[in-house]
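One structure below.
Below, all heavy atoms of this structure are taken into account, side chains as well, without hydrogens, waters or symmetry copies. Ligands are counted one by one from 1 in listed order, and the atoms in each one are counted from 1 as well.
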Amino acid sequence: MEQQKKVMLSGIQPSGDLHLGNYLGPLRHWPEMIEEFDCYFFMADLHTITVRQNPADIRRRTLTQIAQYIACGLDPEKCVLFVQSHVPAHTQLAWVLDCFTMFGELSRMTQFKDKSAKNAENINAGLFTYPCLMAADILIYQPDFVPVGEDQKQHVEICRDVAVRFNGIYGDVFKVPEPYIAKVGARIMSLNAPETKMSKSLPEGCVFLMEKPEDIMRKFKRAVTDSDTERCVRYDPQAKPGVSNLIQIHAAATGKSYEVIEAEFEGKGYGAFKPAVGEAVVECLRPIREETERLLADKTYLEQVYRTGAERAAYVAGKTLRKVYKKVGFLPQ
Ligand code: TYM
């Protein structure tokens with residue numbers, strides 16, 4: 001008898017252009033997984049509007065993100081690629097989960113605290129209940145693993161808590177998934193502020209996947225290194241956060257270990273190291289950028305990919321939703 005494949009799922013918000021943190025954290029691992037697991041990867045567009053957005057930008061970035069997923073190696077024949085808003089079951093399940101998630105739990109989410117501090121004029125209900133929608137995104141496909149960066153771990157944990165609570169009341173409805181966090185690249189820091197994570201909101205310290213090589217090189221040459229007197233390339237995130245972040249980026253981009261990188265740059269100082277990391281990143285991103293540009297010229301193909309993806313996703317999501325609706329007591333249609 002053929003053994004059932006394990007299921008894996010993840011998504012990225014098209015709230016900004018994809019950056020090196022998204023890529024070196026979770027995304028670069030996804031293509032390895034499509035052979036072994038049944039994989040669902042989506043553009044989390046519903047999540048973007050918790051913060052005010054320009055509608056045309058969301059559309060452009062969503063389409064670009066599909067092309068980038070494929071360019072990174074996600075073959076649409078081997079995994080399900082779709083746009084979150086094309087599968088209404090996510091929001092339908094989210095409402096049910098809203099009613100099984102506690103106000104206190106949501107109040108403890110660090111991302112909610114950070115984002116509401118940054119958007120004090122727009123602390124909307126969506127920003128608060130966002131983890132319920134994310135839990136719905138996950139639980140509706142019954143995955144075993146959810147590959148994310150370190151910053152999303154808390155959201156996967158609340159998803160597990162909600163699943164356990166729901167199962168405790170209604171029986172085994174949801175599989176309780178595990179977060180999958182890679183050792184190298186799980187938290188890529190900003191190039192010009194290495195104590196904060198790399199994100200689109202600090203563009204000078206952030207490298208975007210579609211950026212020109214000369215801009216990438218400029219950002220790496222200006223990267224903040226540490227003011228210690230030692231000035232050697234050594235991995236020590238406490239004492240040398242800037243250099244350690246660059247070592248992590250180099251390791252993730254080239255597959256080399258920290259020790260090999262330290263040995264390679266022994267006695268060479270930061271002046272040689274920073275452009276070398278820049279070059280490693282440029283070479284790692286070049287084929288992705290070129291392939292994305294090629295794919296973006298073929299909108300018909302991309303449309304066909306996301307339409308097929310949404311159909312396949314909706315079929316699986318519908319099964320879980322019907323089960324949940326029945327369990328909670330909604331009259332079947
Ligand atoms: P988002 O869009 O902020 O980030 C997408 C993924 O990139 C990771 N990431 C990083 N990893 C390492 N270093 C960084 N500097 C860095 N910045 C971002 C994130 O951890 C994430 O894995 N809520 C999610 C999207 C989402 C989702 C889901 C993910 C919605 N539904 C269901 C998994 C499953 C988010 O906002 O990620």
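A donor-acceptor pair shorter than 3.5 Å cannot be found between the side chains of Arg322 and Gln333. For the residue pair Glu311 and Tyr315, no side-chain donor N or O sits within less than 3.5 Å of a side-chain acceptor on the partner.
Ligand 1 lies less than 4.0 angstrom from a heavy atom belonging to Pro26. The closest approach between a heavy atom of Gln111 and any atom of ligand 1 is not below 4.0 Å. Residue Gly185 places a heavy atom less than 4.0 Å from ligand 1.
Screening residues 187-198 for side-chain hydrogen bond (donor to acceptor under 3.5 Å, both in side chains), with sequence neighbours left out, gives Asp151-Lys197, Ser190-Asn192.
For the residue pair Ala251 and Lys256, the shortest heavy atom distance occurs at CB-O, 3.2 Å. Across every non-hydrogen atom of Phe265 and Ala276, the tightest pair is CZ-CB, 3.5 Å.
Aromatic ring centroids of Tyr258 and His250 lie 6.0 Å or more apart. Checked against a 6.0 Å centroid threshold, the rings of Phe128 and Phe112 count as neighbours. Here the two rings, on Phe82 and His90, have centers that are under 6.0 Å apart.
With hydrogens and angles disregarded, a donor-acceptor distance shorter than 3.5 Å links the side chain of Ser257 to the backbone of Val260. Here the side chain of Glu262 pairs a donor or acceptor atom with the backbone of Tyr235 at under 3.5 angstrom.
Taking only nitrogen or oxygen atoms, main chain and side chain alike, Gln13 reaches within less than 3.5 Å of ligand 1. Considering backbone and side-chain atoms alike, Phe42 places every N or O at 3.5 Å or more from each N or O of ligand 1. Taking distance alone, with nitrogen or oxygen atoms compared against 3.5 Å, Val146 stays at or beyond that limit from ligand 1. The N/O atoms of Met134, backbone and side chain alike, include none that comes under 3.5 Å of an N/O atom in ligand 1. In terms of polar-atom proximity, Lys197 is not counted as a contact of ligand 1, lacking any N or O under 3.5 Å from an N or O of the ligand.
Within ligand 1, the atoms closer than 4.0 Å to a non-hydrogen atom of Arg187 are 12 (C), 13 (N), numbered from 1 in the order shown. Atoms of ligand 1 lying under 4.0 Å from at least one heavy atom of Val148, given by number and element, are 22 (O), 33 (C). Below 4.0 Å from some heavy atom of Met198 lie the following atoms of ligand 1, by number and element: 15 (N), 17 (N). Ligand 1 places these atoms under 4.0 Å from at least one heavy atom of Ala44: 30 (C).
Using a 4.5 Å heavy-atom threshold, the side chains of Tyr141 and Thr320 count as separate.
Regarding atom 36 (O) of ligand 1, its nearest protein heavy-atom neighbour is Tyr130 OH, 2.7 Å. Protein heavy atom closest to atom 11 (N) of ligand 1, with residue, atom name and distance, is Gly21 O, 3.2 Å. Protein heavy atom in closest approach to atom 19 (C) of ligand 1: Asp151 OD1, 3.2 Å. For atom 17 (N) of ligand 1, the closest heavy atom belonging to the protein is His19 CE1, 3.6 Å. Atom 21 (C) of ligand 1 has its closest protein heavy atom at Gln152 CG, 3.8 Å. The nearest protein atom to atom 25 (C) of ligand 1, hydrogens excluded, is given as Gly11 O, 3.6 Å; this is a heavy-atom distance. Remark: minimum distance from atom 22 (O) of ligand 1 to any protein heavy atom is reached at Gly149 N, 3.0 Å. Nearest protein heavy-atom contact of atom 4 (O) of ligand 1 is Asn22 ND2, 3.5 Å.
Contacts with ligand 1 closer than 4.0 Å are made by heavy atoms of both the backbone and the side chain of Ile12. Proximity of Ala186 to ligand 1, defined as any heavy-atom pair under 4.0 Å, is confined to the backbone N, CA, C and O atoms.
Remark: of the listed residues Lys219, Arg218, Arg289, Lys219 is the sole one forming a salt bridge (charged side-chain N to carboxylate O under 4.0 Å, His left out) with Glu211.
Shown here are the side-chain hydrogen bond (donor to acceptor under 3.5 Å, both in side chains) partners of Tyr23, two or more places apart in sequence or in another chain: there are none.
With atom 30 (C) of ligand 1 as the reference point, the heavy atom nearest to it among Gln65, Met189, His47 is part of His47.
Using cut-offs of 30° and 60° for the angle between ring planes, the Trp30 and Tyr69 rings count as perpendicular.
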